[in-house]
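This report concerns only the one structure given below.
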There are 2 protein chains.
Amino acid sequence: MLDALRACGLKVTPQRLAILNQLVGDPTHPTATELFGRLREELPSMSFATVYNTLAALTKQGLCAARQLESGPVRFDPNVAPHDHAVCDSCGLVIDVMTEGLAAASAATNLKPVQGFSVRSVERIYRGRCVQCAAPNEPQTDAEKETGD
Amino acid sequence: MLDALRACGLKVTPQRLAILNQLVGDPTHPTATELFGRLREELPSMSFATVYNTLAALTKQGLCAARQLESGPVRFDPNVAPHDHAVCDSCGLVIDVMTEGLAAASAATNLKPVQGFSVRSVERIYRGRCVQCAAPNEPQTDAEKETGD
DNA sequence: TTGCAACTAAGAATCATTCTAAGTAAGGTC
DNA sequence: GACCTTACTTAGAATGATTCTTAGTTGCAA
């Protein structure tokens with residue numbers, strides 16, 4: 001964590017360590033606002049701008065990835081390896097899809113989808129319903145998620 | 001055009017016809033702001049809210065599609081048939097990719113990328129460089145595009 | 001220990017989008 | 001063709017996400 005920052009030429013600060021700690025191992029692809037909310041608990045003086053600045057720095061250095069999978073705020077992903085995503089139409093849940101992701105991406109990179117367009121990477125977004133929302137009796141809306149379950 | 005609106009139960013207004021006319025046949029996937037700018041020329045009294053309301057209505061009725069391919073404003077696409085997109089890293093250009101789109105999408109729909117997730121649709125986004133930007137001597141930045149070439 | 005460049009805090013500014021309220025007009029009915 | 005209802009439009013305020021600015025702070029190399 002500490003070394004990862006230093007290796008990128010970024011200074012190690014409590015704010016950055018806190019943000020990285022929150023992000024790493026969090027599979028929910030949180031937004032900047034969500035992260036800020038959680039981080040305020042351990043670092044009450046933290047500024048919103050710091051969260052954005054830090055996430056921008058981490059993204060630039062390849063320590064995390066910014067993903068715009070639906071309209072609304074950008075989500076941040078600690079998993080920078082090539083992979084796809086499944087997005088729930090109903091509750092907005094984002095799930096990493098590792099299966100075949102690499103193979104598919106590398107195969108597609110060799111495609112020429114449009115004359116002259118040189119492909120650097122391919123990402124696939126699966127849209128549909130997550131397990132919770134697909135279950136007839138327990139649809140989980142955004143509103144329900146906010147009130148806690 | 002006129003019939004398409006009526007068929008959806010939408011009233012035909014000069015604003016809606018102008019918006020649809022701008023959108024149909026425009027392959028550049030314009031944003032609401034871009035459309036508003038062009039539409040002001042023919043309908044100077046048009047309100048921004050009308051553009052958003054109308055685009056929302058058209059999207060809901062399946063006459064166009066809202067696409068979030070990168071961070072920034074939503075782009076609107078008159079092509080509602082299933083297809084993929086190529087996005088230029090450099091200038092932001094969005095290109096429709098029809099090749100194999102249908103076949104790939106339907107094949108992927110049968111996949112089970114995540115346990116329990118029921119896939120409704122798949123979209124692929126190719127990232128890389130467009131012809132203009134890939135050419136070593138004539139990179140086209142957003143700034144250059146705005147000043148006109 | 002010191003110096004400085006990079007970082008952070010606070011809040012204003014900006015941009016995209018949605019909401020609200022009041023007036024307008026499309027289109028069905030008589 | 002006139003009238004009426006309801007959907008639509010306008011204008012501008014409100015909201016939410018993100019970026020910018022400025023001044024003060026701190027990590028870390030020397």
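This one's a predicted model, so the numbers in the text were calculated from it and none came from an experiment. Naming: A, B, ... by sequence-line order, numbering from 1 per chain.
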Do the side chain of A:Gln68 and the main chain of A:Glu70 share a donor and acceptor less than 3.5 angstrom apart? yes
When rounded to the nearest 0.5 angstrom, what distance separates CD1 in B:Ile95 from SG in B:Cys88? 7.5 Å
Under 4.0 Å: is that the gap between some side-chain N or O of A:Thr33 and OP1 or OP2 of D:dG16? no
Taking any atom under 4.0 angstrom from a heavy atom of chain B, which nucleotides of DNA chain C are the first and last to qualify, 5' to 3'? C:dA16 to C:dG27
Integer-rounded Å distance: D:dT18 P and B:Gln68 CD: 10 Å
Do the side chains of B:Ile19 and B:Leu55 get nearer than 4.5 Å, heavy atoms only? yes
Heavy-atom nearest pair, A:Leu43 first then A:Ala18, reads CD1-CB, 3.7 Å
Heavy atom of residues 2-12 of chain B under 4.0 Å from DNA chain D: which residues? B:Leu10, B:Lys11
Are side-chain heavy atoms of B:Pro30 and B:Leu23 found at a separation under 4.5 Å? yes
State the CD-CG distance between A:Gln22 and A:Leu35, to the nearest 0.5 angstrom. 6.5 Å
Value for CG (B:Leu10) from CG (B:Leu63), rounded to nearest 0.5 Å, stands at 7.0 Å
To the nearest 0.5 Å, how far apart are CG in A:Leu5 and CD in A:Gln61? 9.5 Å
Just checking, is any N or O donor in the side chain of A:His29 or A:Asn79 under 3.5 Å from an acceptor N or O on the other one? no
Step-by-step salt bridge (Lys or Arg N to Asp or Glu O under 4.0 Å) determination, B:Asp26 to B:Arg38: CA-CA 12 Å; B:Asp26 180 340; B:Arg38 294 185 220 156; 2.7 Å; yes
Establish, with yes or no, whether the OP1 or OP2 oxygen of D:dT10 is under 4.0 angstrom from a side-chain nitrogen or oxygen of B:Gln15. yes
Kindly compute the distance separating SG (A:Cys133) from CG (A:Leu93), expressed to the nearest 0.5 Å. 8.0 Å
Atom CZ of A:Arg16 and atom OG1 of A:Thr54: how far apart are they, to the nearest 0.5 Å? 5.0 Å
Going by an N to O cut-off under 4.0 Å, is there a salt bridge joining A:Asp89 and B:Arg120? yes
If you take any heavy atom closer than 4.0 Å to DNA chain C, which residues from residues 34-46 of chain A end up in contact? A:Ser45, A:Met46
Would you jot down, in residue-number order, the residues of residues 47-58 of chain B having a non-hydrogen atom under 4.0 Å from DNA chain C? B:Ala49, B:Tyr52
For residues B:Met46 and B:Val51, determine if any side-chain heavy atom of one lies less than 4.5 Å from a side-chain heavy atom of the other. yes
Give the stems involving DNA chain D, where a stem is 3 or more consecutive Watson-Crick or G-U wobble pairs (i with j, i+1 with j-1, and so on) under 3.5 Å. C:1-30 with D:1-30
Just jot down the salt bridge (Lys or Arg N to Asp or Glu O under 4.0 Å) partners of B:Arg127, sequence neighbours excluded, or say none. A:Glu123
